[in-house]
There are 2 protein chains.
Amino acid sequence: MRKIPKPTIRRLAIYYRCLERLEQQGEENISSKLLAQMVHIKDSQVRKDLSYFGSFGRRGIGYNIQKLLSEIRKILGIHKSWRVVIIGAGNIGQAIARFKHMEKHNFQVIGVFDTDKRKIGKQITNNLVVSDINSLESFIVHNQAEIAVIATPAEAAQSVAERLEKAGIRGIICFAPITLDCNIPVEYVDITVFFKTLVHSVVSQTHNV
Amino acid sequence: MRKIPKPTIRRLAIYYRCLERLEQQGEENISSKLLAQMVHIKDSQVRKDLSYFGSFGRRGIGYNIQKLLSEIRKILGIHKSWRVVIIGAGNIGQAIARFKHMEKHNFQVIGVFDTDKRKIGKQITNNLVVSDINSLESFIVHNQAEIAVIATPAEAAQSVAERLEKAGIRGIICFAPITLDCNIPVEYVDITVFFKTLVHSVVSQTHNV
DNA sequence: TAGATTGTTAATCGATTAACAATC
DNA sequence: TAGATTGTTAATCGATTAACAATC
């Protein structure tokens, strides 16, 4: 199989959310041209991205929305539900735990952990209570959690990552501002990095105009 | 000025957080080799990134941490403080409003807005109360807010973006799962997209091993 | 001086885009 | 048939990496 560009995967997830919207609006088909317009890219990019995985469209007509949704689900691996644990019950950890879109997108938060005695026992949602991090490994094994969210301070993140990997977690979303050493896939979401890159655009835009 | 690759800007923000840590640990200098190791990239990448903006190192010695921090601050535009408003007081909006790292990194959240009467008036932090979105424009103008966070549902995001732009906001962080039509810089942070790309890595890793 | 490390150039690698034959 | 649109190839563009002279 040809190597798939990483940006292609990200865009598939973005096409997916457009297609969901179009489906809701009762549309049947969509052309690469229109889909491209919705996300501000070139239509050839859309076709190229999809072509890595197969031929999903019909010439002269476009792509059937239902079908494309189902194909992208399979490509991304979101046709099944994933069990998620969250480490760190601070602002970010709690927000993710309560985040409605998670469940809707087949990510099931099944556990939230913290070291802080004052947070342990706290009710986060109807069926989520903050657990002691001591029980992390046994919980992961018993409940077959697959994905973990690291929402701890940076100092704790590396050792948490190692525990997660050992316990059998298969992928990590890391909100902690640190690069992890580990052998499973990690997606980094450092919120402040987005603010900093944004501000750079703002500043340099002014210079150039 | 040569065109700066967008990934370079993101990496500068990441070098920055490493340098902060190194500074705290009392280090004086750092080589591109060591810095590269910390973030899992090549040392030539580090040097290249910095070289777009000047010559900040000393051959045989490396980069002075204090100096490099100060240079990156200037490059990114984070040497000054930025005033931020948040639109949408749901899980994400509230988490950002309470997020300690914001203040620490010179992003000052000065207002939180929502349409929901039940949320308006709610105390978010010691000095933040949810305001009615009706007062958005006047607030932005009076308080000279520069950056906005859109943490509304997708359906509301576009019209909010237009109001923000008109009111003089200069950059947007968009958590809503939608691509905005607007003429100011936008950084997109769709949390579920990160989960989806992660899951794709998890799934395809299994296939290839 | 010898070893370390930068800054920069040129080579390589990877991603995007244009163009167009195929076909609905 | 004529118009629309895909799927794919080749060309272009952009980003990363290796290599090395300069120099601390």
Side-chain angles (χ1 to χ4, degrees), chain A residues 1-15 18-19 22 27-72 75 179 197 200-201 204, chain B residues 1-15 18-19 22 27-72 75 179 197 200-201 204:
Chain A
M1 195 197 235
R2 262 165 312 177
K3 227 230 131 230
I4 315 292
K6 170 110 201 190
T8 289
I9 301 300
R10 219 197 64 250
R11 283 190 299 264
L12 285 181
I14 289 170
Y15 303 153
C18 293
L19 293 166
L22 290 164
E27 300 289 332
E28 276 277 315
N29 296 299
I30 180 87
S31 66
S32 58
K33 193 174 164 195
L34 249 29
L35 190 50
Q37 261 169 30
M38 290 179 74
V39 300
H40 298 170
I41 60 173
K42 295 279 152 68
D43 54 327
S44 54
Q45 179 81 81
V46 171
R47 296 198 298 281
K48 181 72 174 164
D49 284 341
L50 295 173
S51 77
Y52 286 112
F53 304 98
S55 302
F56 306 132
R58 286 219 297 159
R59 287 162 204 250
I61 308 232
Y63 300 88
N64 176 273
I65 288 167
Q66 303 267 350
K67 169 150 193 274
L68 198 48
L69 276 166
S70 145
E71 293 293 348
I72 295 180
I75 294 165
T179 303
T197 56
H200 174 264
S201 305
S204 52
Chain B
M1 197 196 233
R2 261 166 313 177
K3 227 232 132 226
I4 315 293
K6 170 111 198 187
T8 290
I9 301 301
R10 219 198 64 251
R11 283 191 299 265
L12 285 182
I14 289 170
Y15 303 154
C18 293
L19 294 166
L22 290 163
E27 300 288 331
E28 277 276 316
N29 295 298
I30 181 86
S31 66
S32 57
K33 193 174 164 195
L34 248 29
L35 190 50
Q37 263 169 29
M38 289 178 76
V39 300
H40 297 171
I41 60 174
K42 295 280 152 67
D43 54 327
S44 54
Q45 179 80 82
V46 171
R47 295 198 298 281
K48 182 72 174 162
D49 285 340
L50 295 173
S51 77
Y52 285 111
F53 304 97
S55 303
F56 307 132
R58 285 220 298 160
R59 288 162 203 247
I61 309 237
Y63 299 89
N64 177 273
I65 288 167
Q66 304 265 350
K67 169 152 193 272
L68 198 47
L69 276 167
S70 144
E71 293 292 349
I72 294 179
I75 294 166
T179 303
T197 56
H200 175 264
S201 306
S204 52

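Each chain gets a letter, A, B and so on, in the order the sequences are listed, and its residues count up from 1. These numbers come from a predicted model, not from an experiment.
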What is the separation between atom CD1 on A:I30 and atom P on C:dC24, rounded to the nearest whole Å? 21 Å
In whole angstrom, what separates A:F53's CZ from D:dG7's P? 14 Å
Hey, which of these two, B:R58 or A:K6, hits DNA chain C nearer its 5' end, going by closest nucleotide? B:R58
So do the side chains of B:I41 and B:L35 get within less than 4.5 Å of each other, counting heavy atoms only? no
Taking atom P of C:dC13 as reference, at what distance in whole Å does atom CD of B:Q45 sit? 16 Å
Touch class at under 4.0 angstrom, heavy-atom based, for A:S55 against every strand present: sugar-phosphate
Rounded to the nearest 0.5 Å, how far does CG of A:L68 lie from OH of A:Y15? 10.0 Å
Rounded to whole angstroms, how far apart are CG on B:N29 and P on D:dT23? 19 Å
Nearest 0.5 Å, what's the CZ-CG distance between A:R10 and A:D49? 10.0 Å
Give the rounded distance in Å between these two atoms: CG of B:D49 and C1' of D:dG14. 14 Å
In whole angstroms, the gap separating C1' of D:dT6 from CG of A:L34 amounts to 15 Å
Any-strand Watson-Crick or G-U partner of D:dA15, both distances under 3.5 Å: C:dT12
When rounded to the nearest 0.5 angstrom, what is the spacing between OH in A:Y63 and CG in A:L50? 5.0 Å
Any strand is fair game: report the nucleotide pairing with D:dA22 by Watson-Crick or G-U wobble, both distances under 3.5 Å, or none. C:dT5
Does any donor-acceptor pair link the side chain of A:R59 with the base of D:dT5 at a separation under 3.5 Å? no
Rounding to a whole Å, what distance do you find between A:D43:CG and C:dT16:C1'? 12 Å
Indicate whether OP1 or OP2 belonging to C:dG7 is found under 4.0 Å from a side-chain N or O atom of B:Y63. yes
Roughly how far, to the nearest 0.5 Å, is the NZ atom of A:K6 from the NE2 atom of B:H200? 9.5 Å
Give A:S44 one of three labels, base, sugar-phosphate or nothing, depending on what nucleic acid heavy atoms sit under 4.0 Å from its own. base
Measure from the side-chain heavy atoms of B:K42 and tell me the nearest of D:dT17, C:dT16, C:dT6. D:dT17
Would you say C:dT17 has OP1 or OP2 under 4.0 Å from some side-chain N or O of A:R47? no
Phosphate contact (D:dT5 OP1 or OP2) by A:S32 side-chain N/O below 4.0 Å: no
Return the nearest nucleotide to the side chain of B:K48; candidates are C:dT9, C:dT16, D:dA18. C:dT9
Length of the CG-C1' vector between B:L68 and C:dT5, whole Å: 14 Å
